[in-house]
Amino acid sequence: MHSWRQILSTLALLSSAVAVPASSAVTSAPAASPTVPYASDDPNLPLWNESENIVPEPIRSSLGLGASVLGPQNIPIELQNPDLFAPPSTDSGAVPNYKWPFSLSHNRLQTGGWARQQNVNAMGIATALAGVNMRLEVGAIREMHWHIDGEWAYIIQGDLRISTVTPEGQVYIGDVSQGDIWYFPAGYPHSIQAKNTTAGGAEFLLVFDSGSFSEDSTFLLTDWLAHVPKEVIAKNFQVNISAFDHIPSRELYIFPSAPPPVNPQSDMVVPNDTPMPFTFAMSKVNATQTSGGSYKVVDQRTFPVSTTVCSAEITVEVGGMRELHWHPTEPEWTYFISGQARITVYASSAQATTMNFQAGDIAYIPPSFGHYVENTGNSTLVFLEIFRSGLFQDISLTQWLALTPPELVKAHLGLDDATIASLSRVKQEVVGPAH
Ligand SMILES: *[C@@H]1O[C@H](CO)[C@@H](O)[C@H](O)[C@H]1NC(C)=O
Ligand SMILES: *[C@@H]1O[C@H](CO)[C@@H](O)[C@H](O)[C@H]1NC(C)=O
Ligand SMILES: *[C@@H]1O[C@H](CO)[C@@H](O)[C@H](O)[C@H]1NC(C)=O
Ligand SMILES: *[C@@H]1O[C@H](CO)[C@@H](O)[C@H](O)[C@H]1NC(C)=O
Ligand SMILES: *[C@@H]1O[C@H](CO)[C@@H](O)[C@H](O)[C@H]1NC(C)=O
């Protein structure tokens with residue numbers, strides 16, 4: 001057995017034998033002898049500019065990788081997904097697909113609106129959360145219904161009125177506008193109606209706390225009553241059977257109606273009496289500014305009724321990036337509101353895939369999978385991180401390294417002291433362009 005002191009003096013001797021000044025071997029701690037080669041220093045820059053009118057080729061010439069396409073090309077899709085078409089050389093293995101554009105969802109058109117969904121059938125990795133994009137014209141109603149999963153919603157545009165009644169017989173009616181949210185616990189009955197706005201109604205995002213949720217399998221008021229014998233209905237409500245001569249023979253789902261009264265008070269049978277509100281004016285929360293953008297988090301701490309879903313609204317300025325991070329135990333369903341982005345998901349075991357996103361796309365990131373969200377466009381990137389959890393949590397890679405003994409970090413990454421000292425000990429969340 002050799003001690004480190006013996007090894008160091010042997011190294012010093014060897015160095016002087018090859019005429020390297022002895023001091024260099026002794027004064028700085030020896031870098032761990034590399035047991036594996038260094039990672040490539042190829043920066044993997046974009047291969048083309050999207051605005052250019054080009055035929056993209058899957059060729060990374062700096063690495064001698066790829067070849068031209070001889071067969072057919074779907075150029076619009078290739079240009080939208082450059083990091084799939086010609087992946088960075090750091091990608092490896094096979095991370096399951098984690099991108100779904102709502103534009104690929106089968107839409108359900110109704111008089112008064114439409115709805116399209118993404119669930120585990122569309123994207124197999126998304127086991128814990130599912131989403132619906134819904135549009136209601138002025139006055140249109142998403143019919144009174146309930147379902148076995150909890151529902152969280154974000155208003156993309158317009159104004160809506162929602163209502164629910166709790167198992168305790170308490171009532172809540174509330175209004176929401178662009179950037180606001182609501183939450184209905186699993187099984188709670190609710191209604192959704194677009195108010196009279198100049199925007200022409202409303203469009204919103206619904207996120208459910210199960211990946212197998214289906215918007216086509218909710219429990220609807222009309223659908224139920226159409227499937228109960230009429231005399232049972234009459235007995236249940238203790239009224240004459242003729243009162244039910246005009247109930248629909250099948251579900252309405254989304255249908256037109258007169259808009260609700262402007263003042264929610266005049267829509268209330270009894271005053272609201274739930275202990276907690278089921279809506280939250282997220283639009284009124286001030287975002288925390290960072291060097292590269294801003295973020296706001298709304299979870300159980302400010303919106304206590306929302307016990308299974310929470311969210312962060314993130315803006316990333318041009319050239320900036322949501323930093324390398326992960327969420328310890330929280331599955332993430334990401335929705336892009338504006339701008340362009342790329343994400344690399346790191347799934348352990350040398351598995352990493354980079355994908356590109358634009359407004360209207362969904363990403364799904366399982367718990368603990370490392371990732372970043374980079375603004376790759378020329379406008380502000382805005383997106384929502386939505387979690388299957390009551391509480392928002394993340395781990396910043398930079399903060400972890402900054403708060404770990406520097407010698408440990410150095411032993412892993414071979415960074416110099418100045419670089420380690422420069423790492424932010426405060427979580428950045430969103431960083432600016434590269435220095
Ligand atoms: C894309 O455009 C920028 C700005 O004009 C330029 O610096 C860059 O080299 C271009 N990249 C490619 C791959 O053409
Ligand atoms: C931003 O990008 C879009 C699409 O790539 C392009 O059409 C537009 O000209 C760009 N705008 C600026 C200011 O560069
Ligand atoms: C909506 O409001 C406008 C302005 O108050 C009014 O003119 C219009 O009739 C309303 N539309 C409906 C469908 O009630
Ligand atoms: C229910 O209403 C119809 C029509 O008004 C009437 O003929 C009938 O007798 C009523 N039935 C009962 C049980 O009251
Ligand atoms: C948000 O910021 C505005 C402008 O700085 C300020 O007037 C307002 O009080 C802030 N709101 C909250 C809830 O902190």
Side-chain angles (χ1 to χ4, degrees), residues 109-114 134-144 154-163 173-183 191-204 225 228-248 252-268 276-306 310-317 337 380 382 384 391-392 426-427 429-430:
L109 308 188
Q110 298 279 124
T111 307
W114 49 257
M134 188 174 289
R135 168 83 168 93
L136 297 177
E137 289 184 318
V138 171
I141 296 171
R142 164 61 170 101
E143 109 157 74
M144 295 165 69
Y154 177 92
I155 316 309
I156 297 168
Q157 206 177 317
D159 301 290
L160 294 148
R161 177 160 305 156
I162 58 98
S163 75
I173 288 180
D175 285 359
V176 279
S177 300
Q178 185 173 341
D180 296 340
I181 59 179
W182 76 63
Y183 181 82
S191 67
I192 305 167
Q193 184 174 21
K195 292 170 64 184
N196 184 6
T197 58
T198 48
E203 186 174 330
F204 48 102
L225 291 189
V228 176
K230 273 271 175 78
E231 70 278 15
V232 173
I233 298 178
K235 187 186 292 182
N236 180 74
F237 293 113
Q238 299 278 295
V239 293
N240 190 311
I241 192 168
S242 64
F244 300 96
D245 283 350
H246 298 118
I247 66 170
L252 296 171
Y253 184 55
I254 288 172
F255 62 100
S257 184
V262 173
N263 184 347
Q265 250 88 32
S266 49
D267 233 3
M268 293 176 184
M276 296 181 286
F278 288 79
T279 57
F280 185 84
M282 190 173 183
S283 62
K284 305 282 195 306
V285 175
N286 285 338
T288 303
Q289 301 300 319
T290 76
S291 57
S294 69
Y295 65 95
K296 48 173 138 170
V297 171
V298 173
D299 66 9
Q300 247 181 300
R301 286 168 288 196
T302 45
F303 185 32
V305 82
S306 188
C310 67
S311 72
E313 190 184 294
I314 315 274
T315 68
V316 184
E317 298 307 334
I337 295 174
T380 302
V382 182
L384 297 170
L391 281 178
F392 173 89
V426 178
K427 220 182 268 185
E429 306 289 4
V430 184

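Numbering of ligands and ligand atoms starts at 1, following listing order. Index from 1, following the sequence.
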Closest protein heavy atom to atom 10 (C) of ligand 5, given as residue, atom name and distance to 0.1 Å: Asn286 ND2, 2.4 Å
If the plane angle is over 60° it's perpendicular, under 30° parallel, otherwise tilted; pick one for Phe280 and Phe303. tilted
Need the ligand 3 atom indices (1-based, order shown) with element for anything under 4.0 Å from a heavy-atom of Pro259. 12 (C), 13 (C), 14 (O)
Can a donor-acceptor pair be found, under 3.5 Å and without considering hydrogens, that links the side chain of Glu143 to the backbone of Leu252? yes
Looking at Asp159 and Lys195, would you say the former's side chain and the latter's main chain have a donor-acceptor pair under 3.5 Å? no
Would you say atom 7 (O) of ligand 4 makes contact with the protein, given that contact here means a non-hydrogen protein atom less than 4.0 Å away? no
So, Glu429 versus Thr290: side-chain donor-acceptor pair below 3.5 Å or not? no
the protein heavy atom lying closest to atom 4 (C) of ligand 4 turns out to be Ser242 OG, 4.4 Å
May I ask you to identify the nearest protein heavy atom to atom 2 (O) of ligand 3, giving residue, atom name and distance to one decimal place in Å? Asn196 ND2, 2.3 Å
With sequence neighbours excluded, tell me which residues meet side-chain hydrogen bond (donor to acceptor under 3.5 Å, both in side chains) with Thr315. Ser294
Nearest-contact summary for atom 3 (C) of ligand 4 - protein heavy atom, Å: Asn240 ND2, 3.7 Å
Could you tell me whether a side-chain N or O of Gln193 sits under 3.5 Å from a main-chain N or O of Gly139, the two making a donor and an acceptor? yes
Do any non-hydrogen protein atoms sit less than 4.0 Å from atom 14 (O) of ligand 4? yes
